[in-house]
Structure formats: C-alpha cells, structure tokens
Visitor: 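Here you go, one structure.
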Amino acid sequence: MGVQSVMHLPSLRRALLTWFDAHHRPLPWRADRDPYRIWVSEVMLQQTTVAAVGPYFERFLLAFPTVQALAAADEQDVLKLWSGLGYYRRARHLHAAAKVLAERGLVDDPAVWEALPGVGRYILGAVLSQAFDRRLPIVEANSLRVLSRWFAYTGDPRAGEGKKWVWQAAEAVLPTKRAGDFNQAVMELGATVCKPTAPKCDDCPVAKWCEARRLGKQADIPPPAVRPTPTLVREVGVAVRDGDRVLWCRRRPDAKRWQNMWELPHAEVRPGEPLEAAAVRVAAKLTGLRVTAGREVATVKHGVTRWSITLTVLEAERAGGEFIPGEYAAGEWLTAEGWASLPVSSPQRKLADRLAKPPERRLF
Ligand code: SF4
C-alpha cells in the first residue's frame, strides 16, 4: 500500500498521540524540551538501549549540565563518562559539536545542526522535532518496523529502495503539530507494543488501521535483518608489570577505532603462534619493551562490527627497554588506583578490574 494513498492518517495520528500521552515511559530526557538534554540523550540512544543509557545520561548531565560546560571539558573527561557505552566516536563528535553550539547556541536551524560532526538525518529530526516541533521525520530500528507493518511494506526497509521508502513514509505520517511527540510515539509503540516478535496487536492503539495486521502478516514484516557471519579473531594482550605498576597505553587520535581511549597493548595472534611468544612479540612491537610473559590475567570475548574477538591477556615482567610512543600516542605506568579512572572500553574495563585483584581471587 502506498504511503500517499492512506486516507485514515488523521485518525491514526490522533489515536497514537492520545495513547502516547497516557502510556509513555517517564524517561529522564522527556522531562522537558531542552534541546541540549534531548541531543545528548539521542546521541547516547543510537545503537544503545534505553535501560543502558539511563545511568550514563544522569552522570553525563551532572558533569556537563550545559552545552558550554561540555564544550569547555577535556576530551578525556568526556570519554571517561562514556566508558562502557560503546561507539566512542559518538562522544568525540558530541564534544566537537558542543564547541560549535556553545558559540552559535542550540538554535532552531537545520542548517546549523546538519553541519555538525555526528549529526545525520536521525539526530537532526530527533532533536529539532522534539525541541522545536519542526516537522522532520526520524527512522530507527523501532520506527522502521512499525511503519513497515502499518503499510504492509514487504521489502527490506534497512537498505536500498526500502530505506528510501521508509524515510518517505516517516515524513508522510507526521502531523503538522506535535511532530516531535509523534516521532516519539512511533518509537514507543515499537519498543513496547509492536515488538519484533509477537507484537501485542490486541493492545495496539492503531490496530484498526494496520495493514499488516489486516493481512495477518505481522510476523513476516519487516523481513529479518541479514547479518554476516562474524570473522573469528584471536588476540593476545600484555599487562606489563614494573613492581606494582602496569603499563597502560592511549590509542592514537588517528587510530581506526577507540581513538584516545586507554588499553592494555594487544594485537592479533599469528596462526600457530604460542600465546607467550605472541605476547613478547606484541609488547616489543607496540611498546618497544622487552618482556617475559607470565600467567594469564583473563580472557574476554567481544564483538566489533563483523569481528568476534577472543582476547587473552598475559601478565609480563618488564625485562628491559623504555616505552616508545608510535603505535600508541602515550604510555603510563599506573597503579590500580590510577588505571581505575581511565577512559576504557567495556572489555578493557573487565581486564582492568581483574588486574586489580590478587591472582588467587581472579575468578571471572
Ligand atoms: Fe504493530 Fe500489531 Fe499494532 Fe500493527 S496492529 S502496529 S503489527 S502492534
């Protein structure tokens, strides 16, 4: 069914907004229409669940209550508060954009927002529709499912023509007033009622206008996302000790990912290479240090885009040499107290916590 041919849109809009007014979750960023709070929350919510974002949002706003405070902050402090939330480029973009907005103001002007780092069509629509009631659409995982079902769109709304279709649909369904609330309502419906599997159609406020339901095709729309099989990667890391201090390294600002974040040096193990030999090689290559590899600190598994990484970190004694920057921007010898407050990714946080415990108490 074509988006433009839908004659019942006014009724659907009214029903959805009435439902949203009565049933929306009282999330901290919904307390007012402050563009700064909305912007921070929307950046955090990209690729991350509402439940995970809650405590990060509160801490972040406490530390940086205004765009001026964020603009004036040290990037390391921003990354620290983002540690564990993932997709750290978002934090660096947010910080860089805050420097512009602190000067220009958080204005109701799409041209200003579009030019900011990290602001794509989703953030633009989310912030300006919610803060200023601009009639701008948004599309994310929940809304693309809801829209596909409303119109019984059978293509894949995540790619190609389907992607074009879903943005057109998101724009076409928007009312002229309360566009921000309507965008939120579509997402809320997707998050709480029109779920990926077993949508609660009997509780749905717009069920009588839903084409997928009429056709009994809710379970088939949209088609499941095609996920590539992850490539397995084996990595070794080294916790180089010098007395009670351990060498932590800061990634380069031009690194492929995790720019300016801290970590224990690590790299891929070569095929057939014993872990101890790999640890010695990796330490020399990445830090310039000669080391003697020792016992295992921990093995952590994590996924990065299409890679599934298993990282084993070994303790190592410093046998000679000095840290040489190059592969890393900086290295620091830190005690547990020092490394506890570094900006690190979730796997590195696990390793840091494990490393802080005496070996006999290191049970994962
Ligand atoms: Fe989703 Fe069912 Fe509502 Fe349609 S009727 S929007 S499939 S919950």
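Start at 1 and go down the list; that is how both ligands and their atoms are numbered. If you're wondering where the values come from, they're calculated on a predicted model, not measured in any experiment.
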Visitor: Taking C-beta and beyond as the side chain, do Leu70 and Tyr36 meet within less than 4.5 Å on heavy atoms?
Guide: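 Contact flag for Leu70/Tyr36 side chains = yes.
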
Visitor: Distance under 6.0 Å and angle within 45° of the ring axis: does Arg59 meet both against Tyr56?
Guide: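 Flagged: Arg59 positioned over aromatic ring of Tyr56.
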
Visitor: Name all pairs fulfilling the side-chain hydrogen bond (donor to acceptor under 3.5 Å, both in side chains) condition that reach into residues 273-282, sequence neighbours left out, sorted by first residue then second.
Guide: Glu273-Arg281

Visitor: So, at under 2.8 Å, which protein N, O or S atoms would a careful student list around atom 2 (Fe) of ligand 1?
Guide: Cys201 SG

Visitor: For residues 96-115, which side-chain N or O atoms pair as donor and acceptor with protein atoms under 3.5 Å away, sequence neighbours left out?
Guide:
from, atom 1, to, atom 2, distance (Å)
Asp108, OD1, Arg134, NE, 2.6
Asp109, OD1, Ala111, N, 3.0
Trp113, NE1, Val107, O, 2.7

Visitor: Tell me the side-chain hydrogen bond (donor to acceptor under 3.5 Å, both in side chains) pairs involving residues 117-129, sequence neighbours left out?
Guide: Glu42-Tyr122, Ser129-Asn183

Visitor: Indicate, with yes or no, if the rings of Phe60 and Trp82 have centres closer together than 6.0 Å.
Guide: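 Yes, ring centres under 6.0 Å apart.
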
Visitor: Which ligand 1 atoms, with their elements, are less than 4.0 angstrom from a heavy-atom of Trp150?
Guide: 6 (S)

